[in-house]
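One structure below.
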Amino acid sequence: MHHATTDGVRAELQKWLCGYLADELGVPAESIDSEEPMSSYGLDSVRAITLLADAEEHIGRELDPNAPWEYPTVAAFAGLLAEQPAATGPGPHG
């Protein structure tokens, strides 16, 4: 296990989130500031639920349904995703 890769994982997740928001909201990925609330780019509650579901699929874990509101910026949400235990090894959904 490489615990030193948490920052790399967080950076990768931030990149993924910026790309996701760019696609979903029709804005250039470069225009998304990771410290700005995602709602300032037009993320509403319906899109937040979609983001949550896609993020869960991306990391292989369930998240708190309130996560997009408790971690409202790309940086904060990516940090949350990076802290989630990774789905590793053989599992029930092989």
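The structure presented is a predicted model; accordingly, all values stated were derived computationally and were not measured. What you see below is based on every heavy atom in this structure, not just the backbone, and it leaves out hydrogens, waters and symmetry mates.
To the nearest 0.5 Å, the span separating CE on M38 from SG on C18 amounts to 10.0 Å. To the nearest 0.5 Å, atom CG of residue L52 and atom CD of residue E57 are 12.0 Å apart. Atom CD of E30 is separated from atom CD1 of I32 by 9.0 Å, given to the nearest 0.5 angstrom. Rounding to the nearest 0.5 Å gives a distance of 12.0 Å between CG of L17 and CZ of R10.
No side-chain heavy atom of V27 sits under 4.5 Å from any side-chain heavy atom of L21.
In this structure a side-chain-to-backbone donor-acceptor pair under 3.5 Å is missing from Y41 to A22.
Considering only residues two or more places apart in sequence or on other chains, T50 meets the side-chain contact (heavy atoms from CB on, under 4.5 Å) condition with Y20, D54.
Considering all non-hydrogen atoms of both residues, L13 and H58 come closest at CD2-CD2, 3.7 Å.
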Report all side-chain donor-acceptor pairs from residues 62-82 shorter than 3.5 Å, counting only partners two or more places apart or in another chain.
{"from": "D64", "atom 1": "OD1", "to": "N66", "atom 2": "N", "distance (Å)": "2.7"}
{"from": "T73", "atom 1": "OG1", "to": "A76", "atom 2": "N", "distance (Å)": "3.0"}

